[in-house]
**Student:** 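Before I ask anything, here is the structure I am working with.
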Protein chains: 2
Amino acid sequence: MSGKRGKSKSEGFRLKGRVWIEGREGTFLGYGRVVLLERIKQFGSISEAAKSMNMSYRHAWELVDSMNRQVKNPLVETATGGKGGGGARLTEAGEKAIEAFWKLYRDFNEFLEKTDKSIKFT
Amino acid sequence: MSGKRGKSKSEGFRLKGRVWIEGREGTFLGYGRVVLLERIKQFGSISEAAKSMNMSYRHAWELVDSMNRQVKNPLVETATGGKGGGGARLTEAGEKAIEAFWKLYRDFNEFLEKTDKSIKFT
DNA sequence: TTTCGTTATTCCCATCTGTATATTACGACT
DNA sequence: AGTCGTAATATACAGATGGGAATAACGAAA
């Protein structure tokens, strides 16, 4: 291939992918959910975490609720009312989940990079 | 874990994922597209291929068109009119694409299975 | 008991994806 | 020339997804 210049029409392909943990109700942990957990840890509040991700509170709350429903020990504990109106904090299980997912995520990206090089189409 | 019986609330997690090839316009090849290519090869027609997958002809045609737009040598050649009204056939490049994807797909599933076992949450 | 900010929950709406449907273009064969 | 079945294309519709706004519940602190 390759004329003197100009993009070949089949240039620039790259391997992409997603991984997630699935539970009884469907997705349990994925990239977005883990980032959300981290923001909750950082801000101590679902609403602040959501805002920082440009995500609606409604959506964030549903994700948290979905995760908590699928485990015996919740990943996030919430409190309504009280000082500051309430808040949310990450549990031990939440911390473990974050760690476990990033480990998986790194392994997966490694796989993607390695595999990407060995692909030939035309 | 495990009480005498009954499902633990954190049972049954499994790793899932998707991989695809991305080109200039977004997705170029993924699982569904490859199955579609195989059906086109089998039936010699986009409409029959679509029907066999419970997919609308419109959608199938758009997928084929999207794939063809992103390469110099089309994966599918179509003919309008003529014997039987026309049809579609897989090109050499189409065959290669199928092969390449399944190879990738197998490697990915291997990764998933291997990785799934090494994950601990709680 | 009043205040306050967050969680919890409910509606309505915009957007997106794909379906269903209808119409036209096409060209080898009879 | 007429027939036939598929490709090609446009339009209207349905369902799912998430956003935004509105409201109620909550409980510690003043």
Side-chain angles (χ1 to χ4, degrees), chain A residues 16 18 20 22 25-71 74-91 94, chain B residues 16 18 20 22-23 25-70 74-91 94:
Chain A
K16 300 201 68 174
R18 295 260 166 96
W20 65 92
E22 193 147 319
E25 301 187 5
T27 301
F28 166 62
L29 259 193
Y31 181 91
R33 289 171 186 234
V34 169
V35 171
L36 178 60
L37 290 179
E38 290 186 328
R39 300 296 175 94
I40 289 174
K41 174 180 181 178
Q42 178 182 355
F43 293 106
S45 144
I46 295 180
S47 64
E48 283 299 310
K51 187 187 306 178
S52 81
M53 297 176 68
N54 262 22
M55 177 186 292
S56 68
Y57 171 79
R58 180 181 179 270
H59 188 43
W61 183 86
E62 277 172 355
L63 294 180
V64 169
D65 195 47
S66 162
M67 290 186 272
N68 280 344
R69 274 198 313 266
Q70 302 188 55
V71 288
L75 307 189
V76 174
E77 278 179 353
T78 61
T80 74
K83 184 179 73 175
R89 60 172 283 277
L90 223 56
T91 66
Chain B
K16 301 203 68 174
R18 296 262 165 94
W20 65 92
E22 193 146 320
E25 302 187 5
T27 301
F28 167 62
L29 259 194
Y31 181 90
R33 290 171 185 233
V34 169
V35 172
L36 177 61
L37 290 179
E38 291 186 328
R39 300 297 175 94
I40 289 173
K41 174 181 182 178
Q42 179 181 356
F43 294 106
S45 143
I46 294 179
S47 64
E48 283 300 312
K51 188 187 305 178
S52 80
M53 297 175 68
N54 263 21
M55 177 186 291
S56 67
Y57 170 80
R58 181 178 180 272
H59 187 43
W61 182 87
E62 277 173 355
L63 293 180
V64 169
D65 195 47
S66 162
M67 289 186 272
N68 279 343
R69 275 198 312 267
Q70 302 189 55
L75 306 190
V76 175
E77 277 179 354
T78 61
T80 75
K83 184 178 74 174
R89 59 172 283 276
L90 224 55
T91 66

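Quick caveat, the model's predicted, so the values are computed rather than measured. So that the names make sense, note that chain A is the first sequence line, chain B the second, and so on, each numbered from 1.
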**Student:** Check whether any side-chain nitrogen or oxygen of A/S47 sits under 4.0 Å from OP1 or OP2 of C/dT7, and answer yes or no.
**Tutor:**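 So the side chain of A/S47 is within the cut-off, an N or O lying under 4.0 Å from OP1 or OP2 of C/dT7.
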**Student:** Does B/W61 put a side-chain nitrogen or oxygen below 4.0 Å from OP1 or OP2 of D/dA7?
**Tutor:**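 The answer is no; no side-chain N or O of B/W61 sits under 4.0 Å from OP1 or OP2.
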**Student:** If you assign each of B/I46 and A/Y57 to its closest nucleotide in DNA chain D, which residue comes earlier from the 5' end?
**Tutor:**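 Counting from the 5' end, the first nearest nucleotide belongs to B/I46.
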**Student:** For B/E62 and D/dA10, what is the distance between atoms CD and C1' respectively, to the nearest whole Å?
**Tutor:**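 Rounded to the whole Å, the gap is 11 Å.
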**Student:** Quick one: pull up CD in A/E77 and CZ in A/R89 and give me the separation to the nearest 0.5 Å.
**Tutor:** 5.0 Å
**Student:** May I have the distance from A/R89 (atom CZ) to C/dT7 (atom P), rounded to whole angstrom?
**Tutor:** 14 Å
**Student:** According to a strict under-4.0 Å criterion, is B/S56 in side-chain N/O contact with OP1 or OP2 of C/dT19?
**Tutor:**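 Indeed, a polar side-chain atom of B/S56 lies that close.
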**Student:** If we only count heavy atoms from C-beta on, is the B/R69 to B/P74 side-chain gap below 4.5 Å?
**Tutor:** no
**Student:** Given C/dT19, D/dA28, D/dG19, which nucleotide is nearest the side-chain atoms of A/K83?
**Tutor:**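 The closest nucleotide is D/dA28.
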**Student:** Quick one: does A/V34's side chain get under 4.5 Å of A/W20's, heavy atoms only?
**Tutor:** no
**Student:** Mind calculating the distance between CZ (B/F43) and P (D/dA7) to the nearest angstrom?
**Tutor:**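 Distance check: B/F43 CZ to D/dA7 P gives 13 Å.
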**Student:** Under a 3.5 Å distance rule, please check whether A/E22 uses its side chain to pair with a backbone N or O of A/L29 as donor and acceptor.
**Tutor:** no
**Student:** In whole angstrom, give the distance that lies between atom CE of A/M55 and atom C1' of D/dG20.
**Tutor:** 15 Å
**Student:** Counting only side-chain heavy atoms from C-beta out, which of C/dG18, D/dA21, D/dA8 sits nearest to B/R58?
**Tutor:**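 Minimum distance to the B/R58 side chain belongs to C/dG18.
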**Student:** Would one find a side-chain N or O of A/T78 under 4.0 angstrom from OP1 or OP2 of C/dA8?
**Tutor:**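 Result: yes.
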**Student:** By nearest heavy atom, map A/E48 and B/G81 onto DNA chain C; which one lands nearer the 5' end?
**Tutor:** A/E48
**Student:** Whole angstroms only, please: what is the NE2-P distance between A/H59 and C/dA14?
**Tutor:**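 Spelled out: NE2 on A/H59 to P on C/dA14 is 20 Å.
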**Student:** Would you kindly give the CG-to-P distance between A/L36 and D/dG18, to the nearest whole Å?
**Tutor:**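 Value for this atom pair: 13 Å.
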**Student:** Determine, step by step, whether B/K51 and B/E48 satisfy the salt bridge (charged side-chain N to carboxylate O under 4.0 Å, His left out) criterion, reporting the C-alpha distance in whole Å, the side-chain angles of both residues, the deciding distance to 0.1 Å, and the verdict.
**Tutor:** CA-CA 5 Å; B/K51 188 187 305 178; B/E48 283 300 312; 3.3 Å; yes
**Student:** Side chain of A/A88 only, heavy atoms from C-beta on: which candidate in D/dA8, C/dT19, C/dT7 is closest?
**Tutor:**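 The closest nucleotide is C/dT7.
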**Student:** Using atom CZ of B/R69 as one end and atom P of D/dA8 as the other, report the distance to the nearest whole Å.
**Tutor:**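 One finds 12 Å between P of D/dA8 and CZ of B/R69, rounded.
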**Student:** Using heavy atoms to find the nearest nucleotide of DNA chain D for A/G85 and A/N54 separately, return the residue whose nucleotide is more 5′.
**Tutor:** A/N54
**Student:** B/L63 CG to D/dA7 P: how many Å, rounded?
**Tutor:**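 Computing the B/L63:CG to D/dA7:P distance gives 14 Å.
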